[in-house]
Number of protein chains: 2
Amino acid sequence: MTVPRLAVSVDLVVLTVREQRLCALTWRRDRPPYEGCWSLPGGFIQLDEDLPVAAARLMAERAGLADVRIHLEQLATYGYPDRDPRQRVVSVAYLGLAPDLPASSRAQVLWRSVDELDNERAAFDHRRILRDGVERARAKLEYTSLAAAFCPPEFTVAELRRVYEIVWGTHLDPRNFHRKVTGADRFLIPTGRTTTRDGGRPAQLYRRGDAEQLRPPMLRPRP
Amino acid sequence: MTVPRLAVSVDLVVLTVREQRLCALTWRRDRPPYEGCWSLPGGFIQLDEDLPVAAARLMAERAGLADVRIHLEQLATYGYPDRDPRQRVVSVAYLGLAPDLPASSRAQVLWRSVDELDNERAAFDHRRILRDGVERARAKLEYTSLAAAFCPPEFTVAELRRVYEIVWGTHLDPRNFHRKVTGADRFLIPTGRTTTRDGGRPAQLYRRGDAEQLRPPMLRPRP
DNA sequence: ATAATAGTGTCTTTTAGACAGTATGTT
DNA sequence: AACATACTGTCTAAAAGACACTATTAT
């Protein structure tokens with residue numbers, strides 16, 4: 001019996017919060033198929049390459065983000081037979097959460113609002129993959145400390161709150177939020193320094209603690 | 001540029017609760033590599049086959065479970081280069097949650113306790129995959145209604161509680177549990193019938209409701 | 001009657017949600 | 001001074017945890 005062999009790619013859903021919007025890193029395709037559509041950065045894996053290694057390599061090569069501080073986790077694998085019209089490709093998607101970084105040097109690579117992207121023609125099944133990545137990120141803010149992955153190394157409680165508000169598209173009470181996150185075990189570590197970059201009274205700066213879970217979780221307000 | 005092509009397989013972590021233990025469906029390997037070790041049921045995908053279709057096919061062919069009522073979801077994809085010594089294989093793992101079914105007709109296919117399996121030599125990286133599947137199942141009981149996937153079509157609150165207790169390895173207060181699950185929106189639908197199969201006072205029988213989320217979640221007791 | 005399990009009620013503690021009030025900076 | 005934001009405190013409502021008590025079957 002002979003075993004079918006397939007092309008295997010890695011696609012990246014890299015999210016960040018910038019200009020009051022949840023944004024994803026995208027390419028603009030300049031040739032068929034799906035010319036003119038947006039697509040996720042990605043590429044084929046090498047024969048001797050582990051999946052997370054391929055994801056990190058493509059993060060540098062195709063997303064322009066060589067920074068190792070970016071949180072990267074496997075999202076899901078997409079493999080229905082005609083998702084690429086040229087050949088059968090099984091794609092392993094990774095989800096990356098990044099702080100607001102300087103834009104890439106390449107003109108082809110753009111941060112774009114996920115709401116905009118959702119209303120535009122996407123290449124392949126990349127809209128579906130993006131949706132899955134956004135929903136994963138939204139869900140993970142509830143019960144993990146991953147929101148801090150969207151923040152710079154030192155951040156204020158208000159900046160962290162704005163991450164939640166923008167990713168969830170909701171308003172959160174600043175005082176209750178403050179109590180919740182500062183009270184959570186090992187979520188935030190005070191640096192002792194303060195900043196006035198948000199205006200008003202100087203705010204404590206925090207670093208990310210080593211807690212991964214947020215217990216009890218912070219549930220999204222439901223309409 | 002030439003695209004490397006790889007074998008892609010689907011491996012199944014099928015869990016059930018039987019004889020007071022969380023069990024997984026396994027094969028016993030009768031030839032190298034990993035002769036004598038246990039392995040997860042699985043196989044290669046066909047060239048024109050979608051991943052969920054392949055998972056369902058292998059569920060029937062290799063696990064002996066053609067039953068469509070079994071909950072099936074994608075778990076994760078494993079692809080480090082030497083996970084199979086014969087050739088490079090990227091494996092997409094699926095997680096299945098099944099009620100306590102009659103044993104398979106094939107002697108090679110066995111339900112075995114996940115704790116036992118964790119202490120025995122496994123083929124390939126199947127111990128890691130099993131651990132990931134078990135952890136996913138444990139986590140999902142917290143914030144979804146998936147525990148009912150381990151139960152027969154009609155079940156009592158006590159049977160549902162035993163699922164939680166066995167999967168989590170904890171004791172839960174029967175009265176608080178009853179209040180929580182019967183109060184949860186659209187988690188359980190009373191059938192009107194009762195049963196005495198657990199002894200004692202007859203218990204209401206319930207069917208699974210259409211709620212997928214459990215809000216607020218039922219958190220595992222922590223030590 | 002006794003044992004076993006189902007189900008209800010009650011009290012306490014924890015947490016969330018709403019919001020008043022004080023603190024400390026900038027303009 | 002006015003204003004902006006940070007932070008603390010307080011009250012209430014919801015939910016979890018502990019556990020007493022009643023209900024309905026089998027033996």
Side-chain angles (χ1 to χ4, degrees), chain A residues 20 141-143 145 147 151 154-166 168 170-185 187-206 211 213-223, chain B residues 20 141-143 145 147 151 154-166 168 170-207 211 213-223:
Chain A
Q20 317 292 346
L141 293 205
E142 294 198 310
Y143 57 92
S145 58
C151 296
E154 300 199 350
F155 53 91
T156 66
V157 171
E159 286 161 356
L160 186 67
R161 176 167 47 83
R162 244 157 269 141
V163 166
Y164 277 91
E165 291 180 327
I166 291 167
W168 285 348
T170 59
H171 170 78
L172 299 173
D173 184 274
R175 296 153 299 182
N176 293 337
F177 181 86
H178 190 283
R179 183 186 36 180
K180 174 78 180 174
V181 297
T182 56
D185 188 38
F187 188 178
L188 301 180
I189 298 170
T191 63
R193 282 184 292 283
T194 59
T195 182
T196 55
R197 62 191 179 212
D198 297 325
R201 172 175 164 180
Q204 276 285 337
L205 282 167
Y206 294 88
Q213 301 291 316
L214 193 58
R215 277 181 63 92
M218 173 154 44
L219 300 180
R220 284 176 263 191
R222 295 274 199 234
Chain B
Q20 317 291 347
L141 292 205
E142 293 197 311
Y143 56 92
S145 59
C151 295
E154 299 199 352
F155 53 92
T156 66
V157 171
E159 286 161 357
L160 186 66
R161 175 167 47 85
R162 244 158 268 138
V163 165
Y164 276 92
E165 291 180 328
I166 291 167
W168 285 349
T170 58
H171 171 76
L172 299 174
D173 184 274
R175 295 152 302 180
N176 293 337
F177 181 85
H178 190 283
R179 173 171 35 120
K180 173 79 181 174
V181 297
T182 55
D185 188 39
R186 297 179 315 166
F187 189 178
L188 301 180
I189 298 168
T191 64
R193 283 184 291 283
T194 59
T195 181
T196 56
R197 62 192 180 213
D198 298 325
R201 170 176 167 181
Q204 276 288 337
L205 282 166
Y206 294 88
R207 287 185 294 106
Q213 301 290 316
L214 193 58
R215 275 181 64 93
M218 174 153 45
L219 299 179
R220 284 175 263 191
R222 295 275 198 232

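These figures come from a predicted structure and were not determined experimentally. No hydrogens, no waters, no symmetry mates; every other heavy atom, side chains included, goes into these values.
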Checklist outcome for this item: By nearest-nucleotide position on DNA chain C, the 5'-leaning member of A:Asp173 and A:Pro202 is A:Asp173
Item to check | Smallest separation among heavy atoms of B:Val157 and B:Tyr206, with atom names | outcome: CG2-CE1, 3.5 Å
Checklist entry - What integer distance in Å separates B:Leu188:CG from C:dA6:C1'? => result 15 Å
Could you go over nucleotides 2-4 of chain C and give all protein N or O partners under 3.5 Å, atom names and distances?
none

Item to check | Spacing between B:Arg175 atom CZ and C:dT5 atom P, to the nearest angstrom | outcome: 14 Å
Checklist entry - Taking C-beta and beyond as the side chain, do B:Cys151 and B:Arg162 meet within less than 4.5 Å on heavy atoms? => result no
Checklist entry - Earliest and latest nucleotide of DNA chain D, 5' to 3', sitting under 4.0 Å from a non-hydrogen atom of chain A? => result D:dA4 to D:dT10
Checklist entry - Stepwise, does the side-chain contact (heavy atoms from CB on, under 4.5 Å) test hold for A:Thr170 with A:Tyr164? => result CA-CA 8 Å; A:Thr170 59; A:Tyr164 277 91; over 6 Å; no
Item to check | Whole-Å distance separating the CG atom of B:Asn176 from the C1' atom of C:dT10 | outcome: 11 Å
Checklist entry - Who are the side chain to side chain donor-acceptor pair (under 3.5 Å) partners of A:Arg197, not counting sequence neighbours? => result A:Glu159
Look for any protein N or O under 3.5 Å of an N or O in nucleotides 11-16 of chain C and output each such pair with its distance, or none.
residue : atom : partner  : partner atom : Å
C:dA16  : OP1  : A:Lys180 : NZ           : 2.6

Item to check | Contacts of type salt bridge (charged side-chain N to carboxylate O under 4.0 Å, His left out), residue A:Arg179, not counting sequence neighbours | outcome: none
Checklist outcome for this item: By side-chain contact (heavy atoms from CB on, under 4.5 Å), B:Glu142 pairs with (sequence neighbours left out) A:Arg215, B:Trp168, B:Leu219, B:Arg220
Next on the checklist: Apply side-chain contact (heavy atoms from CB on, under 4.5 Å) to residues B:Met218 and B:Leu141 and explain how you reach the verdict.
Outcome noted: CA-CA 8 Å; B:Met218 174 153 45; B:Leu141 292 205; over 6 Å; no
Checklist entry - Would you call B:Phe155 and B:Thr195 a side-chain contact if the rule is heavy atoms closer than 4.5 Å? => result no
Next on the checklist: So, using side chain to side chain donor-acceptor pair (under 3.5 Å) as the criterion, who are the partners of B:Glu154 when residues are at least two apart?
Outcome noted: B:Arg193
Next on the checklist: Can you list everything that forms a side-chain contact (heavy atoms from CB on, under 4.5 Å) with B:Ala203? Sequence neighbours excluded, please.
Outcome noted: B:Thr156
Next on the checklist: Rounding to an integer number of Å, can you tell me how far A:Phe177 CZ sits from C:dG17 P?
Outcome noted: 13 Å
Checklist outcome for this item: Residue set satisfying side-chain contact (heavy atoms from CB on, under 4.5 Å) with B:Arg201, at least two apart, ordered chain then number -> none
